[in-house]
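Step one of this worksheet: look at the structure below.
Just so you know, ligand 1 is whichever comes first in the structure, and atom 1 is the first atom listed for that ligand.
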Amino acid sequence: MEECIFCKIVRGEIPCFKIFEDERVLAFADINPITAGHTLVIPKKHAENLWEIPPEDFSAVQLAGKRIADALKKVLAPVGIACLQLNGRGVNQVVMHYHLHLIPRSGQEPPLPVSSWELKTGDMGAIGRLSERIAAAVG
Ligand code: AMP
Ligand code: ZN
């Protein structure tokens, strides 16, 4: 994609702090890090989101994400790593090229907002009915 900022990074038209690369995947540092070590893992071939990405690229991103998570653990000894992946502007996806966030937390920072929501018991009838509809739609 001509104008896509992550495609420009893949083509080398915009610099990045490269962390990992193979034939399908590129991983680089997020330049607005939520925490130290915040890393993005992307497919080299443009796909906007989880619905568009082909299974082979999806698998490659996940496997690379695991290898990089191991490296983050070695280098930073974090108390945890959040893996976050947004699909659609309605959930605040800003860059419309599929990317997996790896967000290690040292424990010194405030809790990550993405991993600290309030638990409220749901309506079991509604959960059950919706689960049946979703289960029936799984291809
Ligand atoms: P999202 O809300 O999941 O679409 O997040 C997009 C992420 O891309 C943000 O965390 C940005 O800081 C990051 N980002 C945007 N442009 C660049 C860039 N040129 N290099 C590295 N990270 C970037
Ligand atoms: Zn792109």
Tell me which donor-acceptor pairs under 3.5 Å the side chains of residues 11-19 have, and how far apart each pair is, sequence neighbours excluded?
residue : atom : partner : partner atom : Å
Arg11   : NE   : Glu13   : OE2          : 2.7
Arg11   : NH1  : Met1    : O            : 3.4
Arg11   : NH2  : Glu2    : O            : 3.1
Arg11   : NH2  : Glu13   : OE1          : 3.3
Lys18   : NZ   : Glu21   : OE1          : 2.5

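- Identified under the salt bridge (Lys or Arg N to Asp or Glu O under 4.0 Å) test for residues 105-115, with sequence neighbours left out: Arg105-Glu109.
- Close approach of ligand 1 to Asn32 is summarised as follows: ligand atoms under 4.0 Å from at least one heavy atom of the residue are 11 (C), 12 (O).
- For ligand 1, the polar-atom distance check finds no N/O of Leu86 at less than 3.5 Å from any of the ligand's N/O atoms.
- In Tyr98, neither the side chain nor the backbone holds a heavy atom less than 4.0 Å from any atom of ligand 1.
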Enumerate donor-acceptor pairs with a distance under 3.5 Å from any side-chain N or O in residues 81-104 to protein atoms, sequence neighbours excluded.
residue : atom : partner : partner atom : Å
Gln85   : OE1  : Asn87   : ND2          : 3.0
Gln85   : NE2  : Asn87   : OD1          : 2.9
Asn87   : OD1  : Leu50   : N            : 2.7
Gln93   : OE1  : Gly88   : N            : 2.7
Gln93   : NE2  : Glu48   : O            : 3.0
Gln93   : NE2  : Val95   : O            : 3.0
His97   : ND1  : His46   : ND1          : 3.2
His97   : NE2  : Pro43   : O            : 2.8
His99   : ND1  : His97   : O            : 2.7
His101  : ND1  : His38   : NE2          : 2.8

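- If you number the atoms of ligand 1 from 1 as listed, the ones under 4.0 Å from a heavy atom of Ile31 come out as 17 (C), 18 (C), 19 (N), 20 (N), 21 (C), 22 (N), 23 (C).
- Neighbouring protein atoms of the Zn ion (ligand 2) (N, O or S, distance under 2.8 Å, waters ignored): Cys4 SG, Cys7 SG, His46 ND1, His97 ND1.
- Contact atoms of ligand 1 toward Leu40: 8 (O), 13 (C), 22 (N) (distance under 4.0 Å to a heavy atom of the residue).
- For ligand 1, the atoms lying closer than 4.0 Å to a non-hydrogen atom of Phe28 are 21 (C).
- The ligand atoms of ligand 1 that sit less than 4.0 angstrom from a heavy atom of Ala29 are 21 (C).
- Here's the thing with Val94: one of its N/O atoms is less than 3.5 angstrom from an N/O atom of ligand 1.
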